[in-house]
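Ligands are counted one by one from 1 in listed order, and the atoms in each one are counted from 1 as well. When reading the values below, keep in mind they use all heavy atoms of this one structure, side chains included, and skip hydrogens, waters and symmetry mates.
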Amino acid sequence: MAKAVLVDLTRCIGCRGCQVSCKQWNERKGLKTSFHGDFTSPVKLNADTYTRIRFVEAESKSKPVWSFVKEQCFHCQNPACVSACPVGALQKSAEGAVCYDFDKCVGCRYCMLACPFGIPKYEWDKAQNPWVQKCGFCAERIAEGSLPACVKTCPTSTMLFDERDKVLAEAERRMKASPGKYVNHIYGKEEAGGTSWMYISAVPFEQLGFRMNVPCEELPKYTWDVLQHVPLKAAGIAAVLGGIAYLRNRGANEEKRS
Ligand code: SF4
Ligand code: SF4
Ligand code: SF4
């Protein structure tokens, strides 16, 4: 059964433990950063930072409040990035993770254009064999029955990991149990056709910088509306790109083996 995460933003204290544990588990390098008007660091997600906490000063019931927003891939139910990839380098697993296979990637970056949330990042600073990078939902941990590293680390249980229908039911239960505490919106329940990471919040999502113009339809439909008019061309392009991936990634694999 596909897994999902409920992020209850009312519980987050902005400690950034999730950010650190994600870096450790995924062996991503630490980067020197600086603040730009608030305490968010780094300024954007990047190829070495799969998740970060965005610090937002917003207003709730006419009072200023700090909000801390965890960002990572939403692991869409029907991901636009997967449908846009011409060589199948991104795949949605049965457990819910949208995973990346660098052996297949040709570096076309269509996934970056297709993602409605601007999640996949490219290793622009690498001269040789740059890859696309993003959160992989700690798929290897989930497969072993463990929690994703960020979920496991969180000291305030901001994130609840479970099957998607149970996560949704818990979101609805919390909203019903505390009338007036949360805004009446589960972000990710319908956005992009539904996502595996969903949020509840005391502050309206538009004030927290969430993208409010993401359609509720499954986005791959749009990709295929275009591709169905050029099926032979698309198949030919995919075959050529597959060859490029083999050549490009053979060098990287040899580097890793030596
Ligand atoms: S958020 Fe973007 S990168 Fe993540 S699964 Fe959805 S479309 Fe793909
Ligand atoms: S699920 Fe894993 S890869 Fe994704 S943000 Fe959490 S720790 Fe990072
Ligand atoms: S570890 Fe939990 S409380 Fe700390 S910043 Fe991450 S989500 Fe928030």
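- The backbone N or O of A97 lies less than 3.5 Å from no partner atom in the side chain of H75, so there is not a single donor-acceptor pair.
- Those atoms of ligand 1 with a heavy atom of F117 less than 4.0 angstrom away are 1 (S).
- Within the 6.0 Å centre-distance limit, the rings of F137 and W197 are counted as a close aromatic pair.
- For ligand 3 and C154, the ligand atoms under 4.0 Å from any heavy atom of the residue are 1 (S), 2 (Fe), 3 (S), 7 (S).
- Remark: distances from the non-hydrogen atoms of F137 to ligand 2 include one below 4.0 Å.
- Contact atoms of ligand 3 toward R16: 4 (Fe), 5 (S) (distance under 4.0 Å to a heavy atom of the residue).
- Interatomic distance, CD of E140 versus SG of C99, reported as 8.0 Å (0.5 Å rounding).
- Per-residue contacts place N26 under 4.0 angstrom from the following atoms of ligand 2 (heavy atoms of the residue considered): 3 (S), 8 (Fe).
- In summary, E57 and K63 do not engage in a salt bridge, as defined by a charged side-chain N under 4.0 Å from a carboxylate O.
- A salt bridge between E163 and K166 is present, with a side-chain N of the basic residue lying under 4.0 Å from a carboxylate O of the acidic one.
- The OG atom of S157 lies 11.5 Å from the CG atom of L6; values are rounded to the nearest 0.5 Å.
- Contact annotation for H75 and ligand 1: only backbone heavy atoms (N, CA, C, O) come within less than 4.0 Å of the ligand.
- Among E191, E190, E206, the single residue meeting the side-chain hydrogen bond (donor to acceptor under 3.5 Å, both in side chains) criterion with H185 is E191.
- For ligand 3 and C12, the ligand atoms under 4.0 Å from any heavy atom of the residue are 3 (S), 5 (S), 7 (S), 8 (Fe).
- Applying the 4.0 Å criterion to heavy atoms of K134 picks out, from ligand 1, the atoms 3 (S).
- Between Y187 and F117, the ring planes are perpendicular. Angles over 60° get that label, and only those under 30° would be called parallel.
- Looking at E27, its side chain never comes within 3.5 Å of a backbone N or O of Q24 through a donor-acceptor pair.
- Here atom 3 (S) of ligand 1 lies nearest to P120 when heavy atoms of S83, C99, P120, A114 are compared.
- From the protein, the heavy atom lying nearest to atom 2 (Fe) of ligand 2 is C138 SG, 2.2 Å.
- Note on C135: counted as a metal contact of atom 4 (Fe) of ligand 2, an N/O/S atom lying under 2.8 Å.
- Residue contacts with ligand 3, taken as heavy atom pairs separated by less than 4.0 Å, involve I53 solely via side-chain atoms from C-beta onward.
- Close contacts of ligand 2 with T51, meaning ligand atoms under 4.0 Å from a residue heavy atom, involve 5 (S).
- For K176, the NZ atom is loosely surrounded, since the number of other residues' heavy atoms within 6.0 Å does not exceed 12.
- In terms of protein heavy-atom proximity, atom 8 (Fe) of ligand 1 is closest to C81 SG, 2.3 Å.
- Salt-bridge check for R174 with E170: passed, with a basic side-chain N closer than 4.0 Å to an acidic carboxylate O.
- Atom 2 (Fe) of ligand 1 has no N, O or S atom of C76 closer than 2.8 Å.
- Those atoms of ligand 3 that come under 4.0 Å of a heavy atom in C18, given as number and element, are 1 (S), 5 (S), 6 (Fe), 7 (S).
- Per-residue contacts place C15 under 4.0 angstrom from the following atoms of ligand 3 (heavy atoms of the residue considered): 1 (S), 3 (S), 4 (Fe), 5 (S).
- At least one heavy atom of K70 sits less than 4.0 Å from an atom of ligand 2.
- If you check which protein heavy atom lies closest to atom 6 (Fe) of ligand 2, you get C150 SG, 2.3 Å.
- The C115 neighbourhood of ligand 1 comprises atoms 1 (S), 2 (Fe), 3 (S), 7 (S), with distances under 4.0 Å to a heavy atom of that residue.
- Ionic pairing of K3 and E95 is not present here: no N-O contact between side-chain nitrogen and carboxylate oxygen is shorter than 4.0 angstrom.
- Y199 and F74 have tilted rings, their planes meeting at an angle from 30° to 60° on a 0 to 90° scale.
- The contact set between ligand 3 and P155, taken as ligand atoms under 4.0 Å from a residue heavy atom, comprises 1 (S).
- Set against the non-hydrogen atoms of P116, the atoms of ligand 1 under 4.0 Å away are 7 (S).
- If you check which protein heavy atom lies closest to atom 4 (Fe) of ligand 1, you get C73 SG, 2.3 Å.
- Taking every non-hydrogen atom of F74 and a distance limit under 4.0 Å, the qualifying atoms of ligand 1 come out as 1 (S), 4 (Fe).
- When each atom of ligand 2 is checked for a heavy atom of C22 under 4.0 Å away, the hits are 3 (S), 5 (S), 7 (S), 8 (Fe).
- Against a heavy-atom cut-off of under 4.0 Å, P148 is close to the following atoms of ligand 2: 1 (S).
- By the 6.0 Å contact criterion, NZ on K152 is open, its count of non-hydrogen atoms from other residues, nucleotides or ligands being 12 or less.
- Residue contacts with ligand 3 include M159, since one or more of its heavy atoms lies under 4.0 Å from the ligand.
- S201 OG to R11 CZ: the interatomic distance, rounded to the nearest 0.5 Å, is 13.5 Å.
- Heavy-atom separations between T156 and ligand 3 include at least one value shorter than 4.0 Å.
- For the pair K70 (side chain) and R52 (backbone), a donor-acceptor distance under 3.5 Å is absent.
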